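Single-structure report; data block below.
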Amino acid sequence: MFSGLIGTTGKIRRLEQTGETMHLTVVPQASDFLKGAVVGDSIAVDGTCLTIEQFVDDGFTVTLMPQSFIKTIFKERRVGDLVNLERSLKIGDRLEGHIVTGHVDEVTRVIDRRVNENAIELTFALPSRLRDQVVSQGSVAINGVSLTVMRAGENDFSVGLIPHTQAVTNLDGLQVGDLVNMETDILGKYVARNMKVGLK
């Protein structure tokens, strides 16, 4: 379980792919990010919940099984790419973002990027099956980053990146056409599901 508040970014140092199984070695940019971490801990990499399998020098290794590989942007990732990293929540921590499970719903695409004074406004395509789970002023996780939906349309939605988010995540580098991992709010999933069941 995560909050969508990124602890640091990291660089992919090694990437090995066999079929639809991928092994990644990631080096966090904050030297103390892994302090206290042990093998078996959950870690969100670009919003995907993975398990630390090994510590290598100043980084760690994880494995994506075929399901995770298929449903995420990692098939597009390359050595040297910047990824967002978050350690799992501890009981008693402040929940300042929103509840993020690390289970990516869809890969979607940036369809517009605008700079509005100190904010970057990004618009993404909204997959039709997630249309009832994304609402204006609700929450969404993009590459693991907890964001507020500024506007939700029929086929797209927009978010804004404040300067802090631009500085501590990889979202400031997104351009039109780029793919991202998207996870809708878990509460919205349950509401949408119950509404459908109740209408039958």
Side-chain angles (χ1 to χ4, degrees), residues 2 4-6 9-12 15 17 19-22 24 26 44-50 62 64-86 97-116 118-189 192:
F2 307 92
L5 299 183
I6 302 306
T9 52
K11 284 192 175 181
I12 298 176
L15 188 155
Q17 181 181 340
E20 294 177 341
T21 298
M22 180 177 283
L24 291 175
V26 180
V45 182
D46 265 353
T48 305
C49 181
L50 300 170
V62 293
L64 283 86
M65 62 180 180
Q67 174 74 1
S68 298
F69 176 83
I70 291 168
K71 290 195 67 174
T72 68
I73 60 174
F74 285 99
K75 49 188 168 289
E76 307 290 332
R77 287 296 189 206
R78 299 290 181 267
V79 170
D81 282 355
L82 202 64
V83 293
N84 296 323
L85 301 175
E86 182 187 355
H98 74 282
I99 297 173
V100 177
T101 65
H103 302 155
V104 174
D105 290 301
E106 290 279 357
V107 167
T108 191
R109 191 177 299 274
V110 181
I111 59 175
D112 190 45
R113 173 192 166 104
R114 301 184 183 188
V115 177
N116 184 1
N118 68 343
I120 297 174
E121 297 179 3
L122 299 173
T123 301
F124 300 92
L126 177 56
S128 58
R129 78 174 190 89
L130 301 178
R131 193 173 294 157
D132 57 358
Q133 298 175 29
V134 178
V135 298
S136 297
Q137 309 310 313
S139 297
V140 67
I142 299 295
N143 283 356
V145 182
S146 175
L147 298 166
T148 299
V149 177
M150 294 168 43
R151 180 193 59 81
E154 283 294 306
N155 301 303
D156 59 27
F157 67 96
S158 300
V159 300
L161 310 181
I162 62 173
H164 178 75
T165 305
Q166 296 172 40
V168 301
T169 75
N170 64 7
L171 300 187
D172 68 315
L174 290 175
Q175 302 296 326
V176 172
D178 287 346
L179 296 174
V180 296
N181 290 328
M182 173 183 175
E183 180 186 336
T184 62
D185 189 351
I186 187 66
L187 299 179
K189 288 181 171 70

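Computed from a prediction, not measured in an experiment: that's the story for all the values here. One is the number of the first residue; the rest follow in order along the sequence.
Annotation: the span from T48 atom OG1 to N181 atom CG amounts to 4.5 Å, rounded to 0.5 Å. In this structure, the separation between CG on D81 and OG1 on T9 is 12.0 Å, given to the nearest 0.5 Å. For the atom pair M182 CE and L126 CG, the distance stands at 5.5 Å (nearest 0.5 Å). In this structure, CG on D156 lies 9.0 Å from CG on D112, to the nearest 0.5 angstrom. In this structure, the separation between CG on L5 and NE2 on H164 is 8.0 Å, given to the nearest 0.5 Å. The distance from the CD atom of Q67 to the OG1 atom of T72 is 10.0 Å, given to the nearest 0.5 Å.
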Would S146 and H98 count as a side-chain contact (heavy atoms from CB on, under 4.5 Å) if you check the C-alpha gap in whole Å, the side-chain angles of each, and the deciding distance to 0.1 Å?
CA-CA 6 Å; S146 175; H98 74 282; 2.7 Å; yes
Kindly indicate, with the supporting measurements, whether the criterion side-chain contact (heavy atoms from CB on, under 4.5 Å) is fulfilled by Q137 and T148.
CA-CA 6 Å; Q137 309 310 313; T148 299; 4.1 Å; yes
Test side-chain contact (heavy atoms from CB on, under 4.5 Å) on E183 and V104 and set out the steps.
CA-CA 5 Å; E183 180 186 336; V104 174; 5.6 Å; no
For a side-chain contact (heavy atoms from CB on, under 4.5 Å) check, start with the C-alpha distance between V149 and V135, then their side-chain angles and the critical distance, and finish with the verdict.
CA-CA 7 Å; V149 177; V135 298; over 6 Å; no
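Of all heavy-atom pairs spanning G144 and I6, the tightest one is O-CD1, 3.6 Å. For the residue pair A152 and S136, the shortest heavy atom distance occurs at N-OG, 3.1 Å. The heavy-atom pair separating I142 from F157 by the smallest distance is CD1-CZ, 4.0 Å. Annotation for P127 and T108: closest pair CD-OG1, 4.2 Å, computed over non-hydrogen atoms. Taking all atoms of both residues into account, the shortest heavy-atom contact from D172 to T169 is OD1-O, 3.4 Å. Contact detail for V107 and K71: the closest heavy-atom pair is CG2-O, 3.5 Å.
Side-chain atoms of N84 come within 3.5 Å of backbone atoms of N143 as a donor-acceptor pair (strictly under, hydrogens ignored). A distance-only check finds no donor-acceptor pair linking the side chain of E20 to the backbone of I70 [under 3.5 Å]. Listed for the Q166 side chain is no donor-acceptor partner under 3.5 Å among the backbone atoms of V168. Side-chain atoms of R131 come within 3.5 Å of backbone atoms of E154 as a donor-acceptor pair (strictly under, hydrogens ignored).
When side chains are defined from C-beta on, L85 counts as touching V26, because their heavy atoms get closer than 4.5 Å. Taking the side chain as every heavy atom from C-beta outward, E106 and T184 never approach each other to under 4.5 Å. Looking at heavy atoms from C-beta onward, F74 lies out of side-chain contact with S68 at the 4.5 angstrom threshold. Side-chain atoms of V140 and F124, non-hydrogen and from C-beta on, never get closer than 4.5 Å to each other. Proximity of V159 to E121: side-chain heavy atoms (C-beta onward) are nowhere separated by under 4.5 Å. When side chains are defined from C-beta on, L122 does not count as touching L147, because their heavy atoms never get closer than 4.5 Å. Within the 4.5 Å cutoff, the side chain of I162 has no heavy atoms near those of the N118 side chain. Between R78 and L15, every side-chain heavy-atom pair lies at or beyond the 4.5 Å cut-off.
With hydrogens and angles left out, the side-chain atoms of D46 and N170 include a donor and acceptor closer than 3.5 Å.
Other residues, nucleotides and ligands contribute only 12 or fewer heavy atoms inside 6.0 Å of the CZ atom of R114. Summarising the local packing, NZ of K189 is surrounded by more than 12 heavy atoms from other residues, nucleotides or ligands at distances under 6.0 Å.
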